[in-house]
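The block underneath contains the structure these notes are about, expressed in structure tokens.
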Amino acid sequence: MACEIVTTLGAVFALWGEPELSDVERIQGAVQAAVAACGHPVVYVTRVPVGAPAPNAQVRARLDQAMPELLKLCSTYHAVLEGEGFAAAMKRGVLTGMFQLSWRRKTFFVHAKMSEIAGSVPLAQRAAVAHLLETAKMRGLLEASES
């Protein structure tokens, strides 16, 4: 599986499998369309399950290239890197450190569980995020995300 994308008014969700170059384009297109539909920056949530492989060098380079545009389109960006233990915590710490330097303050968040997102979303966007996550759940895209 590459990437599953869900879009609702004001929010976009992506579940990563094995990352492919086309996924970056699909996600960027989905976020752009969501912004056009609601007229303002959207909340982006990406879920990376424990067993998801890391992107290859080509996909990582394209992600790096796409990030400035995503920054303009997202009110907040939530990366859920699932997993427990030291290695998972280190991955979340490294990701947080990498992006906090280049993103606006209180924009980029890294979580261990989907349930952690609600507390870091601005109040005005919580309903949109709740609807997004409920839609993703109904499609079976949140399975095994909580322990």
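Remember, predicted model here, so these are calculated numbers, not experimental data. Here, residue 1 is the first one in the sequence, and each next residue gets the next number. What's counted below: heavy atoms across the whole structure, side chains too, no hydrogens, waters or symmetry copies.
Between Leu70 and Val31, some side-chain heavy-atom pair lies under the 4.5 Å cut-off. Within the 4.5 Å cutoff, the side chain of Leu123 has heavy atoms near those of the Arg126 side chain. No side-chain heavy atom of Val80 sits under 4.5 Å from any side-chain heavy atom of Lys113. Side-chain contact between Met67 and Leu71 is absent, with no heavy-atom pair separated by less than 4.5 Å. You'll find the side chain of Leu15 reaches within 4.5 Å of the side chain of Pro49, heavy atoms only. The shortest distance between side-chain heavy atoms of Leu132 and Val45 falls below 4.5 Å. Counting heavy atoms from C-beta on, the side chains of Ile5 and Cys3 come closer than 4.5 Å. Side-chain contact between Val35 and His40 is absent, with no heavy atoms from C-beta onward closer than 4.5 Å.
Exactly one of Ser120, Ser75, Cys74 qualifies for a side-chain contact (heavy atoms from CB on, under 4.5 Å) with Val43. That residue is Ser75.
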Steps toward side-chain contact (heavy atoms from CB on, under 4.5 Å) verdict (Thr135, His131): CA-CA 6 Å; Thr135 302; His131 178 63; 3.8 Å; yes
side-chain contact (heavy atoms from CB on, under 4.5 Å) between Leu81 and His111, worked out: CA-CA 6 Å; Leu81 281 129; His111 309 283; over 6 Å; no
Chi angles and distances behind the side-chain contact (heavy atoms from CB on, under 4.5 Å) call for Val121, Phe109: CA-CA 10 Å; Val121 173; Phe109 299 89; over 6 Å; no
Candidate pair Thr76 and Gln125, rule side chain to side chain donor-acceptor pair (under 3.5 Å), full reasoning: CA-CA 10 Å; Thr76 58; Gln125 295 174 311; 4.8 Å; no
Step-by-step side-chain contact (heavy atoms from CB on, under 4.5 Å) determination, Val6 to Val12: CA-CA 6 Å; Val6 174; Val12 176; over 6 Å; no
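Taken from OG1 in Thr7 to OH in Tyr44, the straight-line distance is 10.0 Å, to the nearest 0.5 Å. For the atom pair CZ of Arg60 and CG of Asn56, the computed distance is 7.0 Å after rounding to the nearest 0.5 Å. With values rounded to the nearest 0.5 angstrom, Leu63 atom CG is found 11.0 Å from Gln58 atom CD. To the nearest 0.5 Å, atom CE of residue Met114 and atom NE2 of residue His78 are 10.0 Å apart.
Side-chain N or O atoms of Arg47 include none that pairs as donor or acceptor with a backbone N or O of Phe13 at under 3.5 Å.
Contact detail for Ala66 and Val24: the closest heavy-atom pair is CB-CG1, 3.9 Å. Closest approach of Pro19 to Pro53, counting heavy atoms only: CD-O, 3.5 Å. Taking every heavy atom of both residues into account, Ala14 and Ile27 meet most closely at CB-CD1, 3.9 Å.
One finds a salt bridge joining Glu25 and Arg62 here, because a Lys/Arg side-chain nitrogen approaches an Asp/Glu carboxylate oxygen to under 4.0 Å.
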